[in-house]
Amino acid sequence: MQKRSDFSQERTAAIRRAIRSIPRGKVATYGQVAAAAGCPAGARRVAFLLHREGDALPWQRVLGAGGRIRLQGASGREQRLRLEMEGILFRGRRVDLPRFQHIFPHRKGETS
DNA sequence: CCTATGACGGATG
DNA sequence: GCATCCGCCATAG
């Protein structure tokens, strides 16, 4: 079976797992998810994945840097509602990150 | 191969 | 806080 870039698929799977690991009532940024999955520069990749298969993931828990919602229009409003339903509070247009940001466990091999 | 686009992010003015 | 520019990653045409 071939791979045609298993590498990329591996990464995608890691990102998917990272997103799924965000507990209810907590959030994470695109960059944070990417880093947790081993792609420090893959924030954009995370966004692309969510756009593609967000339906199967807790997409509402992924925000832009600073806790800002990047989705526009109705989608953005829905995201905010969903988060508020989980008990997450906003400060203006952003989520209070220090309080609701999910801390991913350190990956193997990483020195703290 | 090259260009354009996007749920990104950081730097700069 | 807002507008721009640039770098990064993946896809589509």
Side-chain angles (χ1 to χ4, degrees):
Chain A
M1 343 222 300
Q2 245 13 304
K3 41 243 72 257
R4 189 189 74 172
S5 9
D6 250 3
F7 211 61
S8 183
Q9 280 226 340
E10 194 76 34
R11 253 12 166 187
T12 299
I15 290 174
R16 224 180 266 130
R17 283 194 301 277
I19 295 174
R20 270 196 266 254
S21 77
I22 305 172
R24 188 175 178 289
K26 289 284 182 178
V27 300
T29 65
Y30 297 94
Q32 201 187 354
V33 169
C39 315
R44 223 156 185 170
R45 196 173 198 294
V46 174
F48 205 94
L49 177 69
L50 282 168
H51 195 72
R52 207 171 60 187
E53 49 185 273
D55 290 0
L57 301 162
W59 59 271
Q60 70 272 27
R61 298 181 193 148
V62 186
L63 305 164
R68 243 170 84 267
I69 286 181
R70 297 294 266 189
L71 279 170
Q72 298 301 301
S75 306
R77 287 191 297 278
E78 185 186 339
Q79 180 169 23
R80 175 158 182 157
L81 288 177
R82 283 188 176 222
L83 291 176
E84 289 176 331
M85 259 192 308
E86 295 189 359
I88 290 168
L89 302 177
F90 282 70
R91 208 168 68 332
R93 294 175 182 165
R94 342 177 145 183
V95 165
D96 190 340
L97 279 188
R99 197 168 155 195
F100 300 103
Q101 188 172 59
H102 170 58
I103 307 299
F104 289 96
H106 293 175
R107 288 180 301 110
K108 175 172 83 160
E110 222 174 63
T111 63
S112 112

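Lettering of chains follows the sequences in order, A, B, ..., and the numbering in each one begins at 1. Here the structure is a predicted model, which is why all the values come from computation and not from measurement. Side chains included, hydrogens not; waters and symmetry mates left out as well; all remaining heavy atoms used.
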Q: Starting from C1' on B:dA7, measure out to CG on A:Asp55 and report it in whole angstrom.
A: 13 Å

Q: How close or far is atom C1' of C:dA3 from atom CZ of A:Arg68, stated in whole angstroms?
A: 13 Å

Q: Any salt bridge linking A:Glu86 with A:Arg82? Criterion: basic side-chain nitrogen under 4.0 Å from a carboxylate oxygen.
A: no

Q: What is the distance, to the nearest angstrom, from the CG atom on A:Leu63 to the C1' atom on B:dG9?
A: 14 Å

Q: Please report, rounded to the nearest Å, how far the C1' atom of B:dG6 is from the CZ atom of A:Phe48.
A: 8 Å

Q: Taking the nucleotide of DNA chain C with the nearest heavy atom to each, does A:Arg93 or A:Ala41 sit closer to the 5' end?
A: A:Arg93

Q: Of the nucleotides C:dA10, B:dA7, C:dG1, which has the atom closest to the A:Trp59 side chain?
A: B:dA7

Q: Just how far, in rounded Å, is P of B:dC8 from NE2 of A:His51?
A: 10 Å

Q: Measure from CZ on A:Arg61 to C1' on B:dA7 and round the result to the nearest Å.
A: 17 Å

Q: Whole Å only: how far is the CZ atom of A:Arg16 from the C1' atom of C:dA10?
A: 14 Å

Q: Validate the cation-pi geometry between A:Arg70 and A:Tyr30: distance from NZ or CZ to the six-membered ring centre under 6.0 Å, angle to the ring axis within 45°.
A: no

Q: Is A:Arg44 near enough to C:dC8 that one of its side-chain N or O atoms lies under 4.0 angstrom from OP1 or OP2?
A: no

Q: Among C:dA10, B:dG10, B:dA7, find the nucleotide with the atom closest to the side chain of A:Ala65.
A: B:dG10

Q: Could you tell me how far apart A:Ile15 (CD1) and C:dC9 (P) are, to the nearest whole angstrom?
A: 12 Å

Q: Between the side chain of A:Gln60 and the main-chain N/O of A:Glu78, is any donor-acceptor distance below 3.5 Å?
A: no

Q: Give the nucleotide from the list B:dA7, B:dG9, C:dA10 with an atom nearest to the side chain of A:Arg45.
A: C:dA10

Q: When you look at CZ of A:Arg93, are more than 12 heavy atoms from neighbouring residues, nucleotides or ligands closer to it than 6.0 Å?
A: no

